[in-house]
Protein chains: 2
Amino acid sequence: MGNSKLYKGSLSTIILKLLSETEKMYGYEITQKVKILSHGELTITEGALYPALHKLEAEGFLEVEVVKVDNRFRKYYKLTEKGATETTSKLEELNDYIKTMQALMSPSFNLQ
Amino acid sequence: MGNSKLYKGSLSTIILKLLSETEKMYGYEITQKVKILSHGELTITEGALYPALHKLEAEGFLEVEVVKVDNRFRKYYKLTEKGATETTSKLEELNDYIKTMQALMSPSFNLQ
DNA sequence: CTTCATGCCTAAGAAAATTATGTATACATT
DNA sequence: AATGTATACATAATTTTCTTAGGCATGAAG
């Protein structure tokens, strides 16, 4: 377990998708959720996550709300409208990629 | 067409898989085959392909045979034994990744 | 004689990870 | 009291792997 490789380019799609379902989440929560949903197959490193969140925010896809909980602060992220649109297009892109890869991996299904 | 994004990390898997089916191929041939199999969805740029081929060769996964055809030379690549093993593990890795992504993208299927 | 297809190549730069830290709180264990 | 683990944020250096943009050469078609 814990060894499914993260293909570069898919992290932002994962973040957006999770936020399209949970309204608002903070970074650490995202890493835990990914572990659970992937049954321990995928670990999001913090060195990848936080820069990705900051970039999505800078692009206007996420907005932040800082909340103090138990004397610790959390930065909750949620989708903007622009971010919701982006999520749709990222998901489509991922599905296209998976279809394309399956076509390449199963060439016998593609003889015309 | 021609806009399916190449997720970083998948190119070597594509090359290995194609070579596991066609015995020997040269670079240009690989770019054309990918276009056909992906129905024009995916274009492998030469700037990505040739360095990737050289790396796979350096790692001992491919071996080269230079052939002169029509006064032009071609570099045919074929899998080594080590390369065949690597292909199997790369394909498994890709399948795991796709399964994991589908789990993340369809969380309703993952409630325990 | 210019363009397109075939066929190889590399260099500069960007994108997006990994790896390795650093900071801080709080709780449990030794 | 000291250490480790979990929570929670962050950045810096490095590596991997692309994209973009070019170069070189042959041969056919226009």
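Side chains are part of it too, since the values below use all heavy atoms of this structure and drop only hydrogens, waters and symmetry mates. So you know, we letter chains A, B, ... as the sequences are listed, proteins then strands, and number each from 1.
An OP1 or OP2 oxygen of D/dC9 is reached within less than 4.0 angstrom by a side-chain nitrogen or oxygen of A/Tyr50.
Running 5' to 3' along DNA chain C, contacts with non-hydrogen atoms of chain A at under 4.0 Å begin and end at C/dA16 to C/dA26.
Using a 4.0 Å heavy-atom distance criterion, A/Gly47 is classed as a base contact. Using a 4.0 Å heavy-atom distance criterion, B/Ser10 is classed as a sugar-phosphate-only contact.
Remark: C1' of D/dT14 and NZ of A/Lys8 are 11 Å apart, rounded to the nearest angstrom. Straight-line distance from the NE2 atom of A/His54 to the P atom of D/dC9: 9 Å, rounded to whole Å. Here D/dC24 presents its P atom at 17 Å from CZ of B/Arg72, a figure rounded to the nearest Å. Atom CD in B/Glu59 sits about 12 Å away from atom C1' in D/dT17, given to the nearest Å. Rounded to whole angstrom, the span from the CG atom of B/Leu6 across to the C1' atom of D/dT20 amounts to 15 Å. For the pair B/Lys68 NZ and D/dA25 P, the interatomic distance rounds to 13 Å; values are reported in whole Å. Counting to the nearest Å, the P atom of D/dA10 and the CD1 atom of A/Ile44 are 16 Å from each other. For the pair A/Gln32 CD and D/dC9 C1', the computed distance is 14 Å after rounding to whole Å.
Between the side chain of A/Gln102 and the backbone N or O of A/Lys99 there is no donor-acceptor pair closer than 3.5 Å. Proximity of a side-chain donor or acceptor of B/Ser10 to a complementary backbone N or O of B/Leu6 within less than 3.5 Å is not detected. In this structure, the side chain of B/Thr80 engages the main chain of B/Phe61 through a donor-acceptor pair within 3.5 Å. Between the side chain of A/Lys82 and the main chain of A/Glu59, a donor-acceptor pair closer than 3.5 Å is present. Between the side chain of A/Thr22 and the backbone N or O of A/Leu19, no donor-acceptor pair lies under 3.5 Å. Under the 3.5 Å distance criterion, the side-chain polar atoms of A/Glu21 are left unmatched by any main-chain donor or acceptor of A/Leu18.
Where A/Asn71 and A/Glu46 each meet DNA chain C at their nearest nucleotide, the meeting point lying more 5' is that of A/Glu46. Each of B/Arg74 and B/Pro51 was matched to the nucleotide of DNA chain C holding its nearest heavy atom; the match closer to the 5' end belongs to B/Arg74.
Between the side chain of B/Lys55 and the base of D/dT17, no donor-acceptor pair under 3.5 Å is found.
Remark: B/Lys68 is not positioned above the aromatic ring of B/Phe73, lacking an NZ or CZ atom under 6.0 angstrom from the ring centre and at most 45 degrees off the axis.
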